Amino acid sequence: MNTWLTGLWTWVDARLPVQRAWDTHMGKYYAPKNFNFWYFFGVFSLLVLVNQLLTGVWLTMNYVPTAEEAFASVEYIMRDVPYGWLIRYMHSTGASAFFLVVYLHMFRGLMYGSYKKPRELVWIFGMVIYVALMAEAFLGYVLPWGQMSYWGAQVIVNLFGAIPYVGEDLVQWIRGDYLISGATLNRFFALHVVALPIVLLALVVLHLLALHEVGSNNPDGVDIKKNKDENGIPKDGIPFHPYYTVHDLVGITVFLFAFCGAIFFAPEMNGFFLEHANFEQANSLKTPEHIAPVWYFTPYYAILRAITFDLGGVFTSKLLGFIAMAAAIVVLFFLPWLDRSPVRSMRYKGTFSRVALIVFAAAFVILGYLGLKTPSAARTLLAQICTVIYFGYFIGLPFWSKMEQTQPVPTRVREHGLPKIMVFGGLALFLLLVIVPLKAVGAEGGACGGIPCDHFEANPADKASLQRGAKYFINYCMGCHSAGYSRYERVADDLGIPHDVMMDNLVFTKQKIGGLMVASMVPEKSKEWFGATPPDLSLVTRSRSSTWVYTFLRNFYKDDERPTGVNNKVFASVGMPHVLLELQGLPECTVGPKLDSHGNAQRNEIGNEVQVPCGSLEVKEIKGSMTEAEFDAAVYDLVNFMTYIGEPVAEKRKQIGVYVLLFLAVLLIFTWLLNREYWKDVH
């Protein structure tokens, strides 16, 4: 058997240089011995790329790239495809993880001068990968066809209209239509799953070939090829395999621990990885309150807004903002020629270079945060300051890098770098530069309209609460609203309700147990009565948050000026009737203190509480069938159930996550021991 396998290997290797390629790029490729923490991120990038390609293939099997079916197909994957939720979360979390590790990979290049001679081409290939990755992420960002996908695409594509002469034609060519439509979605899908992945793979191969041709940089910026032994092997080098393959397994396990932690316990990451507005289907007639791209685009989006929406109206040109945004990316390509320092690594550069890099990184992070937030005078001013810092870093780099005094670079690599007190001091300075300015520009207003949110914490493990909530939902909500992405059978099975009991007590239409939970109201009638079909409630707790829905349902009050006779403190001028009137009664406004976003009474200049006409609510004339405590409990059960139908797999996801993290913890022990065994004799 062994002889046969050896012969097969010899036959293949004679016709395809597998062994030579392995030796060139792994077995006999000598990497510096002093790689540190920052050198893990290149490997992480490859790992996430593989994850994105594999999960993307599986997602395309059930995704439908049409404006009518795209959003529903994503929900079908999440709810009805076995473990489709896991594949989707791996892909969506992987997109954010990809940019996170790429940004840190690029920052390592800035710290250690990995772009300097002879690695200019390595850096340029890396930057082209970054641009291609941004294009790939943008195309994929549109595919879920949610509100933010649609309107984000509208904003980004329309930016090209600022280009003189050809702008409008270019926009129409990109969209494939006169507006963002199904044609746009279909072509974006083709580019996202076919064209750009091929380009990315080709660029990654070129990036690695260029790197292995000139050799890897290291934290000291020392060229290990200049110090070789009598056999021509670098004295400060070590074969990449098996030493760094084993070493990287430790880092990969730690990375997977964090990656899986996000997938199983925080896949939305509070709206950073999966935006809340994207849990609402795209509607060209309804603009979101605040349009912002996903977090990895926001630094450049903040630069665009800082230029386009200037306070004094000096820079109001859309074209100027577009140029600034594009220049912020293009300038990175010229970094190898902007840095004129005689040394590569930040370890041997002057203090000014070190502080400048920290300030630049802080400005980039601040821009990323501001790009997510609603513009205000203070935030716009801070964004403009950070934009100046961003471009000022590259403009000033050729001057201070050439003039500042540097330390002598050693001839051999060192085991340790800068003193720990200097490293932690730099980290403290970075955090200070980020936190203080962001605190100064103020926080967001209340998340529940003009009032503080009521406390709510869902408990999907409480089956009794979910069963009561299902009863309230079907009795009081489904007369008008659907939960059209959820199925009666799934609800019955998850909540422990026998199918016959479900059909007899909780299905009031001619639907079957496996049918979707659609409203009993005829759509044509609902449009006639309300002007529009009431929204589907399957995902309302994910698009609005469970806390918002809970607060909303508890804050209806009598308002004779409204057509329905009621208004809402959370959603002013609401068109919805008070459907829980039978249970709560009809609250009326009473004079009470004005509360801030934290629930504290606001006071005037002389210290007295500020009173408002509708400071509190009180049930007076029209009583309900429940006491206040009973009603609050009923609303809790209702919202708990709505939270469950928003993500039926939430409880199972967390349970699986515990086992996955325990497995990775055990794996980490073995990989660490294996790494220690291989590296014990390496000096």
Side-chain angles (χ1 to χ4, degrees), residues 147-148 151-152 154-156 158-159 162 269-272 275-278 286-325 328 359-392 431-453 543-545 547-548 551 569-573 594-600 602-605 610 612:
Q147 272 288 75
M148 200 58 73
W151 289 99
Q154 192 80 270
V155 170
I156 298 302
N158 284 345
L159 286 177
M269 200 59 72
N270 198 31
F272 284 95
E275 303 90 326
H276 296 148
N278 248 15
K286 180 183 176 184
T287 309
E289 294 179 7
H290 172 54
I291 301 174
V294 73
W295 71 268
Y296 34 80
F297 295 138
T298 51
Y300 307 109
Y301 185 61
I303 290 174
L304 168 72
R305 288 197 317 197
I307 301 298
T308 306
F309 303 109
D310 187 272
L311 289 173
V314 178
F315 300 119
T316 56
S317 169
K318 181 180 176 182
L319 176 61
L320 190 58
F322 177 77
I323 292 173
M325 183 180 70
V359 173
F360 169 79
F364 187 79
V365 172
I366 291 172
L367 285 168
Y369 180 83
L370 294 176
L372 291 167
K373 298 301 178 182
T374 306
S376 67
R379 288 176 184 154
T380 301
L381 178 60
L382 179 59
Q384 290 167 346
I385 293 171
C386 290
T387 300
V388 171
I389 293 173
Y390 183 96
F391 286 106
L431 294 174
L432 189 69
L433 289 173
V434 171
I435 295 171
V436 172
L438 292 179
K439 287 287 185 182
V441 298
E444 291 284 324
C448 295
I451 64 172
C453 293
S543 61
R544 287 284 191 176
S545 85
T547 301
W548 188 95
T551 309
K569 295 183 71 174
V570 174
F571 198 135
S573 302
K594 183 178 182 181
L595 304 179
D596 60 20
S597 60
H598 302 289
N600 302 317
Q602 296 187 15
R603 298 183 179 274
N604 57 23
E605 297 177 354
V610 178
V612 291

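This structure is a prediction, so every number in the text was calculated from the model and none was measured. Position 1 is the first residue of the sequence; numbering continues from there.
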In sequence, state the C-alpha distance, the side-chain angles, and the governing distance for L367 and Y301, and then conclude on side chain to side chain contact (heavy atoms under 4.5 Å, CB included). CA-CA 8 Å; L367 285 168; Y301 185 61; over 6 Å; no
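- In this structure, H290 contributes its side chain and P375 its backbone to no donor-acceptor pair below 3.5 Å.
- The ring pair (Phe, Tyr, Trp, His ring centres under 6.0 Å) test applied to F571 returns no partner, not counting sequence neighbours.
- Every side-chain hydrogen bond (donor to acceptor under 3.5 Å, both in side chains) that Y300 has, sequence neighbours left out, goes to Y130.
- Atom-to-atom distance recorded for T387:OG1 and L382:CG is 9.0 Å, nearest 0.5 angstrom.
- To the nearest 0.5 Å, the span separating OH on Y390 from CZ on F364 amounts to 6.0 Å.
- Considering CE of M148 and CD of Q154, their distance stands at 13.0 Å, rounded to 0.5 Å.
- Judged as a ring pair (Phe, Tyr, Trp, His ring centres under 6.0 Å), and not counting sequence neighbours, the contacts of W548 are F552.
- Rounding to the nearest 0.5 angstrom, the gap separating the OG1 atom in T298 from the CD1 atom in I366 is 12.5 Å.
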Check against side chain to side chain contact (heavy atoms under 4.5 Å, CB included), R379 and T374: CA-CA 8 Å; R379 288 176 184 154; T374 306; 4.3 Å; yes
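- In this structure, the side chain of W151 engages the main chain of K286 through a donor-acceptor pair within 3.5 Å.
- Taking the side chain as every heavy atom from C-beta outward, Q147 and T287 never approach each other to under 4.5 Å.
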Dump the intermediate steps for side chain to side chain contact (heavy atoms under 4.5 Å, CB included) on I307 and M325, then the final yes or no. CA-CA 9 Å; I307 301 298; M325 183 180 70; over 6 Å; no
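- Between T380 and R305, the closest side-chain pair of non-hydrogen atoms is not below 4.5 Å.
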Determine, stepwise, if the pair L381 / Q384 fulfils side chain to side chain contact (heavy atoms under 4.5 Å, CB included). CA-CA 5 Å; L381 178 60; Q384 290 167 346; 4.0 Å; yes
